[in-house]
Amino acid sequence: MGSSSSALNFGAGPAKLPKEVLSEVQSELLCYQNCGMSIMEMSHRGKEYDKINNDAQKTIRELLKVPDNYRVLFMQGGGLGGFAAIAMNLINRTGSADYAVTGTWSAAAAKEAAKYGTVNLVFPKADKPGAIPNESAWTRNPDASYLYYCDNETVDGVEFHTVPQTHPDVPLVADMSSSIMTKKVDVSKFGCIFGGAQKNIGPAGVVFVIIREDLLGKPMKICPAIMDFTNINKANSVHNTPATFSVYVMEKVLQWIKKMGGVEGMEKQSEEKSKLLYDAINNSDGFYTSPIDKEVQSRINIPFRIGRPNGNEELEKKFLDEAEKQYMYQLKGHRSVGGIRASLYNAVSLADVKSLVELMQRFKKENDK
Ligand SMILES: *Cc1c(COP(=O)(O)O)cnc(C)c1O
């Protein structure tokens with residue numbers, strides 16, 4: 001990658017962070033608030049980290065209007081750690097859970113949960129990725145401990161634009177790793193929302209968990225203490241040493257989101273950015289194509305192919321090379337999908353997307369013969 005500090009980063013995760021946040025982190029790196037040392041070198045039980053931890057929880061509550069009967073927890077283990085933690089903390093109620101598998105990450109979550117209980121797939125695995133079967137066709141188990149889905153499939157580019165219905169006794173659990181804080185969400189519809197911070201709200205190393213209080217207290221006996229939501233809650237997310245630096249940076253990103261108009265501001269920007277890119281795809285006479293059903297196209301992770309009829313690897317490689325010359329990075333599609341993928345997380349600006357669209361238009365002119 002070039003050394004230009006103006007690189008346009010469309011990476012899927014870890015992803016772009018707001019430059020302002022990084023500058024602030026840089027200015028505090030050697031000496032945090034007159035403490036004479038870095039926040040990285042300070043106790044997780046000291047008053048400085050205590051404030052960061054509490055402020056981060058408070059800001060998440062504010063931004064997402066989290067109701068009082070929910071707790072905000074931080075843990076480690078990444079999204080995948082979350083998959084195991086969800087099952088070990090929640091599947092015990094009835095021993096089984098419903099999973100809607102719409103792509104790579106929900107498939108991995110269902111596979112993980114099957115180690116700890118019975119997993120019912122509410123619809124058969126789609127043979128054609130890029131679609132979500134209509135909810136009326138889902139087979140649900142009324143005795144499920146929870147209904148699980150991935151709000152936005154980061155690899156596949158499939159997003160739920162409405163919250164699935166669930167039986168009143170079956171709490172809804174959502175992986176929002178790649179969509180958190182990109183749109184308004186009614187937290188009261190959920191039993192639990194979780195995800196890795198490294199896509200939209202911070203660096204890698206921290207997992208956020210927003211959980212309804214009454215769901216705490218029923219972990220499986222085998223649940224490791226560091227993944228036990230009840231434990232983590234009791235200890236205010238310092239049961240053991242957290243990834244203090246990651247939480248510190250996340251707290252700054254959350255403040256940045258607040259300053260940028262909160263979740264409403266992020267949502268508006270997300271709609272503008274994704275519309276711009278989809279318009280460029282849709283108005284290309286089939287030179288660019290989206291493999292995803294229109295109703296479930298993601299606003300955040302946008303895979304597309306270049307060249308008729310369904311993508312031409314040579315052209316795609318050429319496009320990636322040209323993109324890099326313009327300092328646009330991490331546009332290569334996931335290794336399991338191919339093609340191009342642009343990830344438009346919160347820190348990616350409308351101007352960044354405009355540059356990408358300009359490149360697409362120029363590239364089409366030069367290569368669509
Ligand atoms: C990135 C991602 C994951 C995996 O997170 P890790 O921290 O790499 O384990 C899970 N779910 C979704 C939706 C993701 O985007």
Side-chain angles (χ1 to χ4, degrees), residues 9-17 73-90 97 99-115 119 126 129-130 132 146-161 163-164 172-183 185 190 192-210 224 226-227 242-243 245-247 249-250 253 266 270 274 292 296-303 330-337 341-348:
N9 181 356
F10 295 99
K16 182 174 176 183
L17 288 164
L73 319 176
F74 302 132
M75 57 171 239
Q76 298 186 59
L80 263 65
F83 298 167
I86 290 295
M88 285 191 284
N89 281 280
L90 301 177
Y99 276 72
V101 171
T102 56
T104 306
W105 292 123
S106 47
K111 191 171 164 209
E112 187 68 23
K115 296 176 185 169
V119 163
I132 300 177
Y146 55 88
L147 167 63
Y148 180 104
Y149 76 106
C150 176
D151 187 51
N152 181 70
E153 283 284 4
T154 317
V155 171
D156 312 81
V158 171
E159 181 179 9
F160 278 84
H161 295 298
V163 175
L172 196 56
V173 173
D175 174 358
M176 293 200 186
S177 295
S178 52
S179 55
I180 193 78
M181 307 272 176
T182 67
K183 62 181 171 189
V185 48
F190 295 84
C192 182
I193 295 170
F194 78 100
Q198 73 268 25
K199 314 287 165 61
N200 275 303
I201 60 170
V206 49
V207 174
F208 59 88
V209 178
I210 303 168
I226 55 156
M227 289 195 167
F245 189 71
S246 294
V247 174
V249 179
M250 177 177 73
V253 176
M266 292 295 117
S270 166
S274 55
I292 310 299
V296 294
Q297 280 174 334
S298 169
R299 298 160 303 128
I300 318 294
N301 306 99
I302 305 184
Q330 309 205 79
L331 280 161
K332 196 172 183 331
H334 189 269
R335 58 197 186 310
S336 67
V337 179
R341 172 177 51 170
S343 296
L344 313 184
Y345 296 125
N346 284 335
V348 175

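Everything numeric in this text was worked out from a predicted model, so none of it was measured. Whatever order the structure lists ligands and atoms in, that order sets their numbers, starting from 1.
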Min side-chain heavy-atom separation Asp156-Thr102 under 4.5 Å: no
Sub-4.5 Å side-chain heavy-atom contact between Ser274 and Ile302: yes
Scan Tyr146, Tyr149, Tyr148 and name whichever one has a side chain to side chain donor-acceptor pair (under 3.5 Å) with Tyr99. Tyr146
Please work out whether any backbone atom (N, CA, C, O) or any side-chain heavy atom from C-beta onward of [X] is under 4.0 Å from ligand 1, and answer side chain, backbone, both or neither.
X	value
Val207	neither
Cys150	side chain
Leu80	both

Nearest-contact summary for [atom] - protein heavy atom, Å:
atom	answer
atom 6 (P) of ligand 1	Gly79 N, 3.3 Å
atom 11 (N) of ligand 1	Asp175 OD2, 2.6 Å
atom 1 (C) of ligand 1	Lys199 NZ, 1.6 Å
atom 8 (O) of ligand 1	Gln198 NE2, 3.9 Å

Which of the numbered atoms in ligand 1 are under 4.0 angstrom from any heavy atom belonging to Thr154? 12 (C), 13 (C), 14 (C), 15 (O)
Which atoms from ligand 1 have a heavy atom of Asn152 less than 4.0 Å away? 13 (C)
side-chain contact (heavy atoms from CB on, under 4.5 Å) assessment of Glu153 paired with Trp105: CA-CA 6 Å; Glu153 283 284 4; Trp105 292 123; 3.4 Å; yes
Using a 3.5 Å distance criterion without hydrogens, assess whether the side chain of Asn89 forms a donor-acceptor pair with backbone atoms of Met227. yes
Any donor-acceptor pair under 3.5 Å from Ser343 side chain to Tyr345 backbone: no
Taking only non-hydrogen atoms of Ser177, do any sit less than 4.0 angstrom from ligand 1? yes
Determine the sole option in Asn346, Asp151, Ile201 for which the side-chain contact (heavy atoms from CB on, under 4.5 Å) test with Ile180 is passed. Ile201
